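It should be emphasised that the depicted structure is a prediction, and the values quoted were computed from it without experimental measurement. Throughout, numbering of the chain's residues begins at 1 and tracks the sequence.
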Amino acid sequence: MPTSTLESLDREQLAQLCREYMAAAQFNSRTGYAALRINHGDDAYKDTAIDNWLAASPIYTQRMQRTMHLRGDSDVETIFKGLQLDSGFSHQYFDVHFVMDGEEQGRFWLRSCGALLETEPRGEDAVRVMCHDIEDPTFDGTAVATNPLARVRPIHRPPRVPAQRSPHCEWRVFIDAQGEPVEEPEVTRLTRATQLAGIELQRPAESGCGGLDYYDVPLFEQLHFEQFSRSALVALGKELAVQMHLLVN
């Protein structure tokens, strides 16, 4: 039986595969952290999840910026584009929307959060660990990959009040010109020195078959892989695979 490669798939297949790569990274996260919590307790789960995200996210965020030409005039828009292509915001598992409110400020909200729906049955303490203790340092850690003065702050977040509140959460992102720059943590620097972090991935030549070759256009409120060209989807598939490996490294 012949072996399929990314380059042998069509646009529709590649778009679906990119979603599957995102889902696989989410599956590894959800099952791995659950096993860690069961065997070693909540503190081990929390601390490891934070280190895991800070080690990988800034690195693969910058890789994706280079691969898809995400950097533009606005750092906040660049952050949003990176989040849309981050396996931590797996398409369909998370229903995320983004909007710019000015040159260097914007909001994103989750109409539905798969991770929250899984965690809520375990009670408010479990929700707070995920939506407060872990997200506070890791959201800023992701933003610092674009601008050390970027901040991600909640407008509202779980535990949900009232219980069925929708959207599940909403966040504002802005550049705090008067703030102290967030420093890249040591765990990120250690990961940056690995061979995987520096691997060079090749993308095929543009085929002229439709779709965006790069995400160098204005921000979409909600991004879908079908909006990209076949060449871009091959590159995205490779980068998402690297994201997953960096997260489990």
Evaluate the criterion side-chain contact (heavy atoms from CB on, under 4.5 Å) for residue pair S74 and E104; output intermediate values, then yes/no. CA-CA 6 Å; S74 167; E104 291 297 5; 3.4 Å; yes
According to ring pair (Phe, Tyr, Trp, His ring centres under 6.0 Å), who are the partners of F98, at least two apart in sequence or on a separate chain? F80, F108
Report yes if the side chains of Q62 and R192 come closer than 4.5 Å at any heavy-atom pair, otherwise no. yes
Using modelled atom types and a 3.5 Å cut-off, is there a donor and acceptor pairing between side-chain atoms of R128 and backbone atoms of D133? no
A side-chain contact here means heavy atoms from C-beta on lying under 4.5 Å apart; do V173 and E77 qualify? no
Atom CD of Q13 with >12 non-hydrogen neighbours under 6.0 angstrom: yes
Classify the ring geometry between H91 and F225 as parallel (under 30°), tilted (30 to 60°) or perpendicular (over 60°). parallel
Could you check if a side-chain atom of V234 sits within less than 4.5 angstrom of a side-chain atom of R203, using non-hydrogen atoms only? no
Side-chain heavy atoms of Y33 within contact of I134, under 4.5 Å: no
Please check if the side chain of T138 supplies one atom and the backbone of I50 the other of a donor-acceptor pair under 3.5 Å. no
Above 12 or not: heavy atoms from other molecules or residues under 6.0 Å from CD of E226? yes
Please determine if R157 and E135 form a salt bridge, counting it only when a charged side-chain N lies under 4.0 Å from a carboxylate O. no
Has the side chain of T194 got a donor or acceptor atom that lies under 3.5 Å from a matching backbone atom of L190? no
Go through it in stages, so that I can follow the logic: the residues are R63 and I199, the test is side-chain contact (heavy atoms from CB on, under 4.5 Å), and I'd like the CA-CA distance, side-chain angles, deciding distance and then a yes or no. CA-CA 10 Å; R63 289 181 59 94; I199 190 172; 3.7 Å; yes
For W109, all residues meeting ring pair (Phe, Tyr, Trp, His ring centres under 6.0 Å), sequence neighbours excluded: H97
Would you call Y45 and I38 a side-chain contact if the rule is heavy atoms closer than 4.5 Å? no
So, applying side-chain contact (heavy atoms from CB on, under 4.5 Å) with E184, which one of V182, T188, V187 is it? T188
Rounded to the nearest 0.5 Å, what separation is found between the OG1 atom of T61 and the CD atom of Q243? 7.0 Å
Step by step, work out the side-chain contact (heavy atoms from CB on, under 4.5 Å) result for T67 and L201. CA-CA 9 Å; T67 298; L201 302 174; over 6 Å; no
Answer yes or no: are there more than 12 heavy-atom neighbours, outside N39 itself, under 6.0 Å from its atom CG? yes
For E239, is there any backbone N or O sitting under 3.5 Å from a side-chain donor or acceptor partner on Y60? no
Using modelled atom types and a 3.5 Å cut-off, is there a donor and acceptor pairing between side-chain atoms of Q65 and backbone atoms of G82? no
Do the side chains of D213 and H69 get nearer than 4.5 Å, heavy atoms only? no
